[in-house]
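Heads up: the structure comes next, in structure tokens.
Only heavy atoms go into these numbers, but all of them, side chains included; no hydrogens, no water, no symmetry mates. As the structure is a prediction and not an experimental result, all values here were calculated from the model.
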Amino acid sequence: MNDPKKTLIRGARILGGEPRDVRVDPVTGTVEETGTGLAADGADVIEAGGRILLPGLVDLHTHLREPGREDSETVLTGTRAAAVGGFTAVHAMANTFPVADTAGVVEQVWRLGKESGYCDVRPVGAVTVGLEGRQLAELGAMHDSAAGVRVFSDDGKCVDDAVIMRRALEYVKAFGGVIAQHAQEPRLTEGAQMNEGVVSAELGLGGWPAVAEESIIARDVLLAAHVGSRLHVCHLSTAGSVEIVRWAKSKGWNVTAEVTPHHLLLTDELVRSYDPVYKVNPPLRTEADVMALREALADGTIDCVATDHAPHPHEDKDCEWGAAAMGMVGLETALSVVQHTMVDTGLLDWPGVADRMSFRPAAIGRLEGHGRPVAAGEPANLTLLDPDYRGVVDPAGFASRSRNTPYEGRELPGRVTHTFLRGRATVADGKLAA
């Protein structure tokens, strides 16, 4: 069988710079050459026409649902959705059935990712057995497994016991791992349905106070400093949380944080519709919180954007608000939302987007081969984006198995036209490649 052909991307703006040509080699999996006026030499040619070329996006927070909830997503469908969104690597959260709290389960997810071929899958291991918060899971065994787990999280639940959290931070310090905390004080959020504030009071829905998130973050940054370990804050959502993380970073503590695309754009005012598509954990917050999150992402207080892609089957969302599951799909729209909220507003340039959606998440997850410069000799994990595109979001065309997007019918900018994983196209002309 002949080797696959090389690809010449002609006239692409690397990180938004001047147009250049980029040749990628799917045999070596690397960028072979960059420059101007490169000869095709038998390579397939993509006329980029000034489109933006970014390093492949990396998501620290994806729910692929397999094993156990294949009715909402599988590793295959989730990685296809990731590729369509420009991602070349995702971190698969541990709240599966069974929970990814052993070497056997994380290796299963890792192998499914290898078989899918649409992006790299890095399993996230549970912090505690069964996500129950009482006993540490097999952190060392998961790290030493074929999956090489480096990020651990009970996401969906908070590690609310301070002693357990301290022990987890101490344990992963031995091998440079990181604990990714879902910051939610459970006693303060019992029966909570949405952000606690004016809208919840008017609607009569149980309120989810900002302090439920902020109190856990405050405790955990102190624990991380005491232990000298790494803490990552999942889906940060309030202005107060931003200030706590900013303070911790000013101390030089090893604390990082992520924000979701939906928390950069949507507010609790949308809950007035009682449409469960807007029900999410943590809840949509106020306009003031949204503005604080954008500024914090721009100034680097928040390190990265993570989708918290949370697919649900139709019946879990198409019901009354109180019974609906929490979560939104986000892989296929993330880059468009970031362009809309951060680039088109002047808060971030394209190098900043590459930093927040590729370089930093890859560094936090210690993910080799991703988050690398677009340069000769580097892995050819690449995303080509048409920033001038404008289109209405239609979930009927999603690659994800689920359709619970809050952006249906909304016009968003930007479209990923090509995604390359080690030099092989996973998406070409906006469609999944074979």
In terms of side-chain geometry, is the basic nitrogen of Arg187 or Glu185 positioned less than 4.0 Å from the acidic oxygen of its partner? no
Can you confirm whether more than 12 heavy atoms, excluding those of Glu411, are under 6.0 Å from its CD atom? yes
All salt bridge (Lys or Arg N to Asp or Glu O under 4.0 Å) counterparts of Arg246, not counting sequence neighbours: Glu243, Asp299
Worked verdict on Thr128 versus Gln135 for side-chain contact (heavy atoms from CB on, under 4.5 Å): CA-CA 5 Å; Thr128 66; Gln135 176 186 348; 5.9 Å; no
Please check: side-chain N/O of Asn381 versus main-chain N/O of Leu421, any donor-acceptor pairing under 3.5 Å? no
How long is the straight-line distance from CG of Asp71 back to NE2 of His314, given to the nearest 0.5 Å? 13.0 Å
Do Asp155 and His63 have side-chain N/O donor and acceptor atoms under 3.5 Å apart? yes
Hey, are Glu214 and Thr238 close enough side-chain-wise for a donor-acceptor pair under 3.5 Å? yes
Quick check: closest heavy atoms across Leu203 and Val271, and the distance to 0.1 Å? CD1-O, 3.8 Å
Nearest non-hydrogen partners of Arg360 and Ile302, listed with the distance: NH1-O, 4.4 Å
With a 3.5 Å distance limit and no angle check, can you tell me whether Thr426 reaches the backbone of Thr419 through a side-chain donor-acceptor pair? yes
Once salt bridge (Lys or Arg N to Asp or Glu O under 4.0 Å) is applied, do any residues pair with Asp344, and if so which ones, sequence neighbours excluded? Arg390
Do Leu348 and Arg356 have side-chain heavy atoms sitting under 4.5 Å apart? yes
Considering all heavy atoms, the nearest His263-Pro283 contact: NE2-O, 3.2 Å
Going by atom types only, do Thr333 and Ser336 share a side-chain donor-acceptor pair under 3.5 Å? no
For the residue pair Thr96 and Glu66, establish whether any side-chain heavy-atom pair is separated by less than 4.5 Å. no
Check whether any side-chain heavy atom of Leu382 sits under 4.5 Å from a side-chain heavy atom of Leu384, and report yes or no. no
Are the side chain of Ser229 and the backbone of Leu169 linked by a donor-acceptor contact shorter than 3.5 Å? yes
Lys/Arg N to Asp/Glu carboxylate O, Glu73 vs Arg69, below 4.0 Å: no
Is there a side-chain hydrogen bond (donor to acceptor under 3.5 Å, both in side chains) between Thr88 and His370? Walk through the geometry before answering. CA-CA 8 Å; Thr88 54; His370 295 271; 3.1 Å; yes
side-chain hydrogen bond (donor to acceptor under 3.5 Å, both in side chains), that's the test. Do His232 and Glu258 meet it? Break it down for me. CA-CA 8 Å; His232 180 72; Glu258 70 189 32; 2.8 Å; yes
Using a 3.5 Å distance criterion without hydrogens, assess whether the side chain of His143 forms a donor-acceptor pair with backbone atoms of Glu138. no
Hydrogens and angles aside, do His91 and Asp59 bring a side-chain donor and acceptor to less than 3.5 Å of each other? no
Report the C-alpha distance between Phe152 and Val178 in whole Å, list the side-chain angles of each, state the deciding distance to 0.1 Å, and finish with yes or no for side-chain contact (heavy atoms from CB on, under 4.5 Å). CA-CA 6 Å; Phe152 299 87; Val178 61; over 6 Å; no
Check whether the side chains of Gln193 and Trp208 place a donor and an acceptor atom closer than 3.5 Å, and report yes or no. no
Near Arg167 CZ, under 6.0 Å, is it more than 12 heavy atoms from other residues, nucleotides or ligands? no
Minimum side-chain heavy-atom gap Arg122-Arg150 below 4.5 Å: yes
Show the numbers, then the answer: is there a side-chain contact (heavy atoms from CB on, under 4.5 Å) between Val353 and Met342? CA-CA 8 Å; Val353 172; Met342 302 299 296; 5.7 Å; no
Side-chain donor-acceptor pair under 3.5 Å between His312 and Ser402, yes or no? no
Shortest non-hydrogen contact between Pro351 and Leu15, atoms and distance: CD-O, 3.2 Å
Between Asp394 and Arg410, is the closest basic N to carboxylate O distance under 4.0 Å? no
Is it true that Thr417 and Asp386 share a donor-acceptor pair across their side chains at a distance under 3.5 Å? no
Residues Gln184 and Thr189: side-chain donor-acceptor under 3.5 angstrom: yes
Main chain of Thr267, side chain of Arg285: is a donor-acceptor contact present, judged purely on distance under 3.5 Å? no
Under 4.0 Å between a side-chain nitrogen and a carboxylate oxygen: does that hold for Arg272 and Glu202? yes
Using modelled atom types only, decide if a donor and an acceptor are shared between the side chain of Asn404 and the backbone of Val277 within a distance under 3.5 Å. no
Should Met93 and Thr62 count as side-chain neighbours, where that means a heavy-atom distance under 4.5 Å? no
Would you please test Asp161 and Arg166 for salt bridge (Lys or Arg N to Asp or Glu O under 4.0 Å) and show each step? CA-CA 9 Å; Asp161 186 309; Arg166 173 183 175 170; over 6 Å; no
Basic-acidic side-chain contact under 4.0 Å: Lys279, Asp316: no
Is the side chain of Arg20 donor-acceptor paired with the backbone N or O of Arg10 at a distance under 3.5 Å, no angle test? no
Would you compute the distance between atom CZ of Arg51 and atom CG of Asp388 and round it to the nearest 0.5 angstrom? 10.5 Å
Test item: side-chain donor near acceptor, Glu213 and Ser237, under 3.5 Å: yes
Using a strict threshold of under 4.0 Å (side-chain N to carboxylate O), is an ion pair present between Glu107 and Arg111? yes
Fit a plane to each ring of Phe175 and Tyr171, take the angle between them on a 0 to 90° scale, and name the class: parallel (under 30°), tilted (30 to 60°) or perpendicular (over 60°). perpendicular
Would you say the side chain of Val427 lies within less than 4.5 Å of the side chain of His418, judging by non-hydrogen atoms? no
Take His235 and His61 through the test ring pair (Phe, Tyr, Trp, His ring centres under 6.0 Å) and record every step on the way to the result. CA-CA 9 Å; His235 44 47; His61 194 145; 5.3 Å; yes
To check you understand the geometry: which heavy-atom pair defines the closest contact between Asp154 and Gly133, and what is its length? OD2-N, 4.4 Å
Taking all non-hydrogen atoms of both residues into account, name the closest pair between Val124 and Ser153 and its distance. CG1-N, 3.6 Å
For the residue pair Asn254 and Arg230, confirm or rule out a side-chain donor-acceptor distance under 3.5 Å. no
What's the separation between atom CG in Leu385 and atom CG in Leu57, rounded to the nearest 0.5 Å? 9.0 Å
Please examine the side chains of Pro387 and Gln339, heavy atoms only from C-beta on, and report whether any two atoms are closer than 4.5 Å. yes
Tell me whether Tyr118 contacts the main-chain N or O of Ala433 through its side chain, where contact means a donor paired with an acceptor under 3.5 Å. yes
Counting distance only, does the side-chain N/O of Glu332 pair as donor-acceptor with the main-chain N or O of Ala399 below 3.5 Å? yes
Given Thr79 and Phe87, is the side-chain contact (heavy atoms from CB on, under 4.5 Å) satisfied, shown in steps? CA-CA 8 Å; Thr79 55; Phe87 291 89; over 6 Å; no
Sub-3.5 Å donor-acceptor pair from the side chain of Asn195 to the main-chain atoms of Pro282, do we have one? no
Do other residues, nucleotides or ligands put more than 12 heavy atoms under 6.0 Å from the CD atom of Glu18? no
